[in-house]
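Presented below is the structure to which this report refers.
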Amino acid sequence: DYGVHLSDAEFKCLVVAFDENGDGLISFDEFLVNLRGELNERRRNFISQAFAILDNTGDGRVTLADIQNVYNAREHPEVIAGKKTEKEVLQEFMKQWDKEDPDGIITPDEFLEYYRDVSASIE
C-alpha cells in the first residue's frame with residue numbers, strides 16, 4: 001500500500017492516460033514517461049550533437065548508410081557467430097530510434113523522443 005486511494009473512476013482515468021501500450025497496466029516506464037517534463041536546453045544540445053554525428057551526410061535524417069559510415073558491426077558477437085549479417089545488426093540498432101514511423105529513416109524528432117524517454121528514467 002502506497003497510501004494512494006483512488007475510486008474506480010479515478011483509477012480508470014489514470015490507466016487511460018498512462019497506459020501507452022494498451023495492456024491495462026501502467027509500467028514503471030509508462031509512469032515515468034507520462035510524468036516527465038521537457039528536456040532542458042543542455043540535454044537537447046547534447047542530443048542534437050549526437051544526431052549530427054550519426055547524420056554524417058547532413059541531410060537532417062539518419063539512414064542505414066549513415067549508420068554504416070559511423071559504426072562497424074564486423075566484430076558484433078552475432079556477426080562473428082554467423083547468426084546475423086552486419087546489415088541486420090545495424091538495422092536492429094536503428095530500431096531503437098526509428099519508432100514513430102518505422103521506415104528505416106531516423107528523424108531528429110524520433111531521436112529526441114527516444115532520449116526524452118531515457119532522460120525520464122535517469123533524472
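Values reported hereafter were calculated over all heavy atoms of this structure, with side chains retained and with hydrogens, waters and symmetry mates removed.
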Quiz item: Would a 4.5 Å heavy-atom cut-off, applied to side chains only, mark Tyr114 and Gln96 as touching?
Solution: yes

Exercise. State the CZ-CD distance between Arg61 and Glu110, to the nearest 0.5 angstrom.
Key: 11.5 Å

Exercise. Might you point out which heavy atoms bring Ala73 and Val79 nearest each other, and give the distance in Å?
Key: O-CG2, 3.4 Å

Quiz item: Where the side chain of Asn56 meets the backbone of Leu54, is there a donor-acceptor pair that is under 3.5 Å apart?
Solution: yes

Quiz item: Of the non-hydrogen atoms in Gly104 and Met94, which two are nearest, and what is the gap between them?
Solution: O-CE, 3.3 Å

Practice problem: Work out which heavy atom in Leu6 is nearest to a heavy atom in Glu10; give both atom names and the distance. | Solution: CA-OE1, 3.3 Å

Quiz item: Heavy atoms, side chains only, cut-off 4.5 Å: are Glu86 and His76 in contact?
Solution: no

Quiz prompt | Interatomic spacing from CZ in Phe51 to OG1 in Thr107 - rounded to 0.5 Å | solution = 6.5 Å

Quiz item: How long is the span from the CG atom in Leu90 to the OG1 atom in Thr85, to the nearest 0.5 Å?
Solution: 8.5 Å

Quiz item: Between the side chain of Glu30 and the main-chain N/O of Asn21, is any donor-acceptor distance below 3.5 Å?
Solution: yes

Practice problem: To the nearest 0.5 Å, tell me how far Ile26 CD1 sits from Glu20 CD. | Solution: 10.0 Å

Exercise. Write down the atom of Pro108, the atom of Gly60, and the distance for their closest heavy-atom approach.
Key: CD-O, 3.2 Å

Quiz item: With a cut-off of 6.0 Å (strictly less than), are more than 12 heavy atoms of other residues, nucleotides or ligands near CZ of Phe93?
Solution: yes

Exercise. Keeping the roles fixed (side chain from Asp109, backbone from Glu113), state whether a donor-acceptor pair exists under 3.5 Å.
Key: no

Quiz item: Is Asp101 reaching over with its side chain to a backbone N or O of Asp103, donor-acceptor style, under 3.5 angstrom?
Solution: no

Exercise. Quick one: pull up CD1 in Ile106 and CG in Leu64 and give me the separation to the nearest 0.5 Å.
Key: 9.5 Å

Quiz item: Side chains of Lys84 and Glu92: closer than 4.5 Å at any heavy-atom pair?
Solution: yes

Exercise. Give the ring-plane orientation class for Phe111 versus Trp97, where under 30° counts as parallel, over 60° as perpendicular and anything between as tilted.
Key: tilted

Quiz item: Out of curiosity, does Phe11 fall in the hydrophobic cluster containing Phe31 (side-chain heavy atoms, cut-off under 4.5 Å, transitive links)?
Solution: yes

Exercise. Could you check if a side-chain atom of Leu112 sits within less than 4.5 angstrom of a side-chain atom of Leu39, using non-hydrogen atoms only?
Key: yes

Exercise. Look at the side chain of Asp66 and the backbone N and O of Asp55, then say whether any donor-acceptor pair between them is shorter than 3.5 Å.
Key: no

